[in-house]
Number of protein chains: 6
Amino acid sequence: MILPRLAPHIVDDAVARALGEDLGDAGDITSAATIPASATSRAVIAARKPGVIAGIDAVCAAFRQVDPAIQIAIEVSDGARVDKGDVLISLDGPSRGILSAERVALNFLGHLSGVATATAALVDAVAGTKAQIVCTRKTTPGLRALEKYAVLCGGGRNHRFGLYDAVMIKDNHIAAAGGIAPALAAAKSVLGHMVKVEIEIDRLDQLEQALAGGADVILLDNMSTDDMKQAVAANNGRAVLEASGSVTIDTVRAIAETGVDIISSGWITHSAPSLDVGLDFK
Amino acid sequence: MILPRLAPHIVDDAVARALGEDLGDAGDITSAATIPASATSRAVIAARKPGVIAGIDAVCAAFRQVDPAIQIAIEVSDGARVDKGDVLISLDGPSRGILSAERVALNFLGHLSGVATATAALVDAVAGTKAQIVCTRKTTPGLRALEKYAVLCGGGRNHRFGLYDAVMIKDNHIAAAGGIAPALAAAKSVLGHMVKVEIEIDRLDQLEQALAGGADVILLDNMSTDDMKQAVAANNGRAVLEASGSVTIDTVRAIAETGVDIISSGWITHSAPSLDVGLDFK
Amino acid sequence: MILPRLAPHIVDDAVARALGEDLGDAGDITSAATIPASATSRAVIAARKPGVIAGIDAVCAAFRQVDPAIQIAIEVSDGARVDKGDVLISLDGPSRGILSAERVALNFLGHLSGVATATAALVDAVAGTKAQIVCTRKTTPGLRALEKYAVLCGGGRNHRFGLYDAVMIKDNHIAAAGGIAPALAAAKSVLGHMVKVEIEIDRLDQLEQALAGGADVILLDNMSTDDMKQAVAANNGRAVLEASGSVTIDTVRAIAETGVDIISSGWITHSAPSLDVGLDFK
Amino acid sequence: MILPRLAPHIVDDAVARALGEDLGDAGDITSAATIPASATSRAVIAARKPGVIAGIDAVCAAFRQVDPAIQIAIEVSDGARVDKGDVLISLDGPSRGILSAERVALNFLGHLSGVATATAALVDAVAGTKAQIVCTRKTTPGLRALEKYAVLCGGGRNHRFGLYDAVMIKDNHIAAAGGIAPALAAAKSVLGHMVKVEIEIDRLDQLEQALAGGADVILLDNMSTDDMKQAVAANNGRAVLEASGSVTIDTVRAIAETGVDIISSGWITHSAPSLDVGLDFK
Amino acid sequence: MILPRLAPHIVDDAVARALGEDLGDAGDITSAATIPASATSRAVIAARKPGVIAGIDAVCAAFRQVDPAIQIAIEVSDGARVDKGDVLISLDGPSRGILSAERVALNFLGHLSGVATATAALVDAVAGTKAQIVCTRKTTPGLRALEKYAVLCGGGRNHRFGLYDAVMIKDNHIAAAGGIAPALAAAKSVLGHMVKVEIEIDRLDQLEQALAGGADVILLDNMSTDDMKQAVAANNGRAVLEASGSVTIDTVRAIAETGVDIISSGWITHSAPSLDVGLDFK
Amino acid sequence: MILPRLAPHIVDDAVARALGEDLGDAGDITSAATIPASATSRAVIAARKPGVIAGIDAVCAAFRQVDPAIQIAIEVSDGARVDKGDVLISLDGPSRGILSAERVALNFLGHLSGVATATAALVDAVAGTKAQIVCTRKTTPGLRALEKYAVLCGGGRNHRFGLYDAVMIKDNHIAAAGGIAPALAAAKSVLGHMVKVEIEIDRLDQLEQALAGGADVILLDNMSTDDMKQAVAANNGRAVLEASGSVTIDTVRAIAETGVDIISSGWITHSAPSLDVGLDFK
């Protein structure tokens with residue numbers, strides 16, 4: 001799997017913010033009181049449940065920011081599927097630093113691996129179909145770039161990152177613009193040539209209008225799988241078709257089998273449970 | 001329920017960061033292209049599932065930051081238990097602004113209400129016992145203060161906020177200090193008089209050492225409920241006893257009935273599913 | 001002309017930064033020493049040369065940040081074509097504040113109106129053709145969002161905002177990927193469905209490969225107008241064609257007349273002279 | 001030429017801001033998709049037109065911030081006069097990093113070298129006279145410190161940096177204070193002994209009042225060269241005389257030959273065209 | 001003495017802010033004009049008066065941030081008692097950098113060592129009693145974490161860091177809550193189990209109410225030493241007793257001899273004179 | 001007394017930072033637990049000792065940032081000389097907000113009024129002489145602009161604000177440059193015409209060199225008052241003379257009577273004791 005590298009400043013800023021939450025002004029007062037500054041330890045971070053890993057960079061940043069003297073060995077890469085007990089990262093260095101950074105490192109790793117694992121579950125469920133699993137803008141505030149990246153680690157792809165990088169015309173936009181045709185025309189009259197345009201429809205009879213207006217992508221919102229199949233047939237490859245709404249691990253296969261190109265899920269980012277990971281001293 | 005007010009700058013900063021993620025440099029290009037600047041709308045935010053609400057301040061901040069001309073009427077307060085369909089907030093103002101802030105507002109509201117709802121489930125499960133449900137430091141990076149507040153909204157209480165505001169001596173600290181007694185002695189020899197000291201034990205025979213060393217709170221880590229009962233009896237009200245490990249909606253009642261004072265759960269912050277909330281134009 | 005509204009925080013942050021540069025720690029020591037705190041004035045900001053206006057929001061932000069007591073009346077909107085002497089903004093309020101904010105306000109207005117005016121010159125030059133004038137990533141560091149907006153004010157459109165919102169495969173990417181076909185295939189295998197893909201070619205014989213690979217947009221890099229005409233004919237409406245290189249006010253018409261869809265210019269952002277604007281007390 | 005070193009945090013902050021504009025949340029998606037993470041390249045940055053160089057530190061910061069593994073060899077220093085084709089900087093390292101940082105690096109280098117080149121043109125034009133070319137506060141918002149430095153690279157000098165570091169009494173201050181004498185007296189009654197005081201006059205008969213009031217520097221605002229000559233004679237070396245207004249490459253020599261000490265130009269910072277520089281892979 | 005390590009980002013941020021104040025946009029123009037960039041020097045920082053040292057980390061950060069090429073040898077550690085003339089730090093490196101960072105480094109070292117020295121004076125004065133000297137929230141704005149640390153360097157301990165990490169119920173809270181008992185009950189009904197509760201009393205007859213309400217710590221506010229003695233006797237070891245008000249070097253011993261556990265002083269942070277330290281070139 | 005207005009963002013930023021220190025993530029937990037959200041109070045801030053006031057703006061900012069509903073009436077202005085008991089500010093509004101902001105407000109007011117009061121003591125001591133009392137760069141890190149302003153409130157004046165706004169050639173610069181003459185020549189050869197140049201001498205025989213080199217100001221470093229008198233006579237009004245070193249309330253009058261123009265003191269900023277101020281509920 002080819003993964004883009006998260007911009008270092010995005011990881012570093014998010015980790016610095018989280019360390020600030022945990023260290024406050026007084027720092028790790030427990031470790032300062034009970035552990036000599038000169039003590040060193042070896043430790044490993046391991047999976048306590050099977051899953052797909054994301055967030056190794058954040059783990060490294062947490063330890064490095066707390067104490068650059070901590071040696072970090074990365075045992076598995078983002079995107080790896082791991083079993084319970086698999087060692088992900090080995091650490092060697094000042095005990096105080098390892099303990100002070102531990103919780104922040106695990107919070108990132110557990111959260112992002114949770115997103116990757118949830119994504120992979122959907123991706124696995126649609127294996128063999130042409131459907132791609134994509135995330136939405138329903139992300140945890142402050143962590144969008146990292147969660148979008150975790151979706152890639154899980155084998156999914158990214159929908160637009162925000163309101164700024166692609167057009168998505170929803171029902172309220174259509175109503176305000178006076179219909180599908182004028183909404184698409186308005187968008188095309190001002191936007192740059194590098195911006196893709198998606199429009200949401202919830203009835204089959206809107207499909208031809210969306211195609212006629214030149215939509216690059218058409219969102220089939222909360223349609224039945226029967227309607228989706230009809231939309232796929234009627235579209236006949238002209239626009240990219242995206243299914244959205246009521247996507248769960250139980251429903252996703254049937255949706256994929258309708259022939260849609262894209263299935264978007266908010267659940268993989270806003271409700272994925274954390275993957276259980278832990279740090280053990282050796 | 002008495003709730004502290006979240007410091008406004010914490011809410012405002014978190015919301016500004018999330019809006020920055022969503023608006024980027026180009027802003028909401030869809031609304032700009034399809035909706036006249038002068039258009040106004042009325043809308044409501046409603047619950048789509050039953051739950052406990054948290055994050056009203058963040059919702060208000062999102063709309064206010066995007067366009068102060070949006071009128072906001074708060075229909076329910078943080079901590080309220082709501083049913084599917086209940087209206088939480090009413091909006092009236094520029095359509096563009098309402099649409100541009102919608103997703104960020106809902107992301108906060110869904111996430112924080114999810115934490116409150118999960119907390120309330122555990123709180124309800126232990127009703128009638130003396131046990132309090134508390135959160136841990138296993139929070140979503142960047143959102144600790146908001147999630148700690150959401151736990152209060154759900155009827156729980158807060159454990160320490162970070163490494164800085166209380167002492168928690170764990171197994172690695174004990175090992176580094178040379179035992180429970182020296183670890184507690186070390187902590188008391190340097191810490192201020194306003195800092196509480198908790199120590200983690202995983203065997204009943206450590207309880208007396210912890211009490212002898214003057215621990216304010218003793219964490220019973222992953223003990224069986226039988227061992228917890230024995231610990232409660234042996235402690236006899238001297239220290240506060242906290243149970244931790246394997247706390248789920250299924251196990252929490254039995255743990256509470258052992259007589260422990262505190263039950264801590266990471267699940268309510270790191271894995272609570274988002275509460276489904278939505279915005280509808282009127 | 002429909003213009004998106006610049007996100008307020010982008011304008012406010014840029015203005016705050018510029019005010020910080022100008023006021024430093026000691027503030028406007030001249031005004032403090034020579035003008036009573038209670039003195040008030042009326043003033044106007046006017047064009048000293050004809051041009052197209054952009055940056056009214058920044059002007060307002062500068063005065064408002066320095067002293068909210070300054071009353072601001074906006075006489076012309078962004079995108080307006082003005083003549084020498086036209087009044088753009090009227091001010092009424094504390095003299096110290098007006099003088100302290102004057103230079104920052106004018107620096108924004110002059111710079112952004114300069115970009116809009118340069119853009120409009122190219123737009124005028126291609127009037128009647130189908131070519132659109134777009135800007136590039138050759139923007140002034142720190143001012144990209146504002147300059148992209150100023151281009152819209154001048155009647156142009158925006159190319160991608162950065163490396164993050166669209167794909168542009170250049171010669172080095174092609175070489176690294178092993179050719180046009182594998183480069184396009186690689187892009188399509190990992191990117192989301194909302195991302196447009198442009199590829200740069202500098203020879204006519206590359207056009208079919210680019211089309212075969214599914215490029216949404218093809219950049220004709222530094223081609224002669226004869227070659228451009230051949231490319232337009234060969235393309236036959238399949239991809240969007242963009243011309244780039246050696247675009248000046250003297251050459252742009254001929255380029256547009258080749259039939260290309262898009263003409264991109266770095267000059268309108270990196271080298272547009274400031275529009276002369278000034279503030280006069282009444 | 002002795003040049004001060006720009007404070008590293010000023011360069012680093014400006015570069016980080018510009019990289020943030022270009023990389024956004026998703027980063028360089030083109031390079032991530034088409035170039036293997038392990039690929040390395042050698043490249044040079046060269047001048048495509050003759051000019052004076054400024055901004056080498058910013059170029060280095062851009063590549064270093066994107067990927068510290070990129071080796072950078074500086075071939076010419078700030079202040080150097082270069083010809084078309086001269087190599088300025090050589091690079092060796094990860095291809096992705098070089099491409100991701102390229103545009104930001106060139107945007108700084110082109111902009112600041114444009115300022116230095118414009119300054120040098122005025123400096124050359126007054127060679128042999130005693131006049132010094134200085135910049136004003138008419139700088140690009142957010143880049144004042146870097147542009148002030150670029151002016152030094154071009155052989156010019158700096159006027160005050162902002163409203164905070166020197167006094168400049170203009171017509172509005174004079175009017176508010178009740179005349180030249182009271183304005184100067186007011187300034188001297190409150191300001192520290194390390195602050196220089198300049199006053200603007202637009203008529204010859206104001207010169208003696210300005211001198212009598214103890215002005216360190218007198219600005220001759222938009223005077224004819226004949227009036228400037230008379231001012232120089234009347235001043236007879238008592239105060240420093242600065243000419244301002246209508247300074248162009250065509251008029252500057254005549255102004256310098258009036259005998260004024262200082263000629264200030266806004267054009268060299270607000271309207272200097274970017275110097276054409278480019279990056280070529282080897 | 002065991003000292004916690006100040007979180008590096010707290011020191012780095014405070015030093016960066018101070019360097020920003022001193023260097024501004026133009027930097028150290030004196031050194032740039034008079035000292036060659038290649039000149040190197042050796043220098044020492046020494047005490048000019050006896051005292052207790054705090055702030056070595058800030059000194060190192062100042063030189064490192066200005067120029068990482070400066071070699072720094074730490075001769076004494078925080079908490080050391082030094083005599084006039086003792087060398088604290090040795091420096092070797094670029095002369096410009098040493099001079100540019102000198103003042104900021106000395107400002108931190110003098111200020112924090114002043115706090116440590118004042119603290120040590122009170123600590124020495126109560127030697128042999130059980131009383132601990134603690135600081136308050138009366139700290140210099142922006143420097144709380146550093147001053148709290150300097151108090152530890154002087155042998156004192158820390159009271160709460162802020163409003164957030166412990167409860168202190170003062171007269172206004174008591175009045176608002178309707179008395180000591182309801183105030184304590186209210187606090188205990190909502191606060192977490194890791195938060196200590198202190199209550200302020202100014203009359204002996206309030207002591208039993210405070211104890212009955214379960215206060216962990218009782219503040220004896222501005223009581224006479226006779227009353228303090230009675231409070232100590234009545235308390236009989238049940239709560240921690242803290243004396244506050246009119247604590248000076250002259251009164252502190254008598255207060256300590258009453259048997260109170262804690263004596264808090266605002267003077268050691270808000271009014272401690274700077275320790276005289278200087279830098280000498282060798 | 002004419003006082004410049006501190007730039008609002010400087011006050012606001014410093015206050016926000018201090019409130020952040022005091023409120024942390026959990027906020028004012030005592031007030032939240034014990035005081036109803038709806039409770040309101042009236043309170044006054046009063047001097048508990050005589051002194052000179054500075055910092056009213058910071059007090060207002062603290063209450064406004066915590067709760068804009070608090071009504072603030074300013075009873076005395078910065079620069080006012082007050083007696084024990086004088087009311088400085090009256091407050092009316094939410095009790096929680098008043099209590100949450102109280103300490104930060106008083107910390108600023110006490111610290112800055114302490115600086116103003118110390119300054120006024122020196123200013124009073126030299127009354128009737130021509131000497132002006134000025135501060136130095138020996139300021140509290142992070143508070144330079146506010147302390148410089150407080151010096152003005154106390155009747156003093158400001159020396160340079162930092163390394164960036166004026167030249168001060170000290171012994172090390174002289175040594176590096178090869179003497180007084182070359183040091184001054186170097187400075188004048190590169191600096192702008194708006195920068196004043198001061199040079200430090202410690203022997204009378206250096207005075208003529210300093211004058212010959214064109215120094216605007218000459219610092220007499222740690223000279224005896226006899227030497228100062230000789231310097232004043234020899235200088236004969238040519239340069240501004242500044243005395244520095246061993247300036248105390250006991251020595252300052254004698255120094256002033258030597259006829260020097262300027263007396264600089266680090267003590268008024270780095271060691272001034274806080275002025276005792278307090279808040280009382282009505």
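Source: prediction; values computed, not measured. Numbers restart at 1 for each chain; the letters A, B, ... are given by sequence-line order, proteins then strands.
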May I ask you to name which of [options] has the most heavy-atom pairs under 4.5 Å with chain B?
| options | value |
| --- | --- |
| A:S271, A:P141, A:G27, A:A43 | A:P141 |
| A:T140, A:V15, A:V104 | A:T140 |
| A:A18, A:A175, A:A176, A:P182 | A:A176 |
| A:L23, A:T139, A:I169, A:N172 | A:N172 |

Any donor-acceptor pair under 3.5 Å from [X] side chain to [Y] backbone:
| X | Y | value |
| --- | --- | --- |
| A:D25 | B:Y164 | no |
| B:D165 | A:A26 | no |
| B:E21 | A:L143 | yes |
| A:S274 | B:H270 | no |

Between [X] and chain A, with a heavy-atom cut-off of 4.5 Å, which part of the residue counts as in contact: side chain, backbone, both or neither?
| X | value |
| --- | --- |
| B:R17 | side chain |
| B:A166 | backbone |
| B:F108 | both |

Drop me the distance from A:K170's NZ to B:L99's CG, to the nearest 0.5 angstrom.
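Between atom NZ of A:K170 and atom CG of B:L99 there are 8.5 Å.
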Can you tell me if CZ on B:R42 sees more than 12 non-hydrogen neighbours from other groups inside 6.0 Å?
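Atom CZ in B:R42 is not packed in, count stays at 12 or less.
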Is it the case that atom NZ in B:K49 sees more than 12 heavy atoms from other parts of the structure closer than 6.0 Å?
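Incorrect, the count does not exceed 12.
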Please classify the contact of A:R137 with chain B as side chain, backbone, both or neither, using a heavy-atom distance under 4.5 Å.
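Both parts, backbone and side chain.
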Any side-chain heavy atom of A:L163 sitting closer than 4.5 Å to one from B:T30?
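Not in contact.
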For chain A, which of B:D171, B:L19, B:N107, B:L191 has the most heavy-atom pairs under 4.5 Å?
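Sorted descending by pairs with chain A, the first entry is B:N107.
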Nearest heavy-atom neighbours spanning A:A183 and B:T34:
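Between these two residues, the closest heavy atoms are O-CG2, 3.7 Å.
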Distance-only donor-acceptor check, side chains A:H173 and B:S31, under 3.5 Å
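Judged by distance alone, the side chains do pair up.
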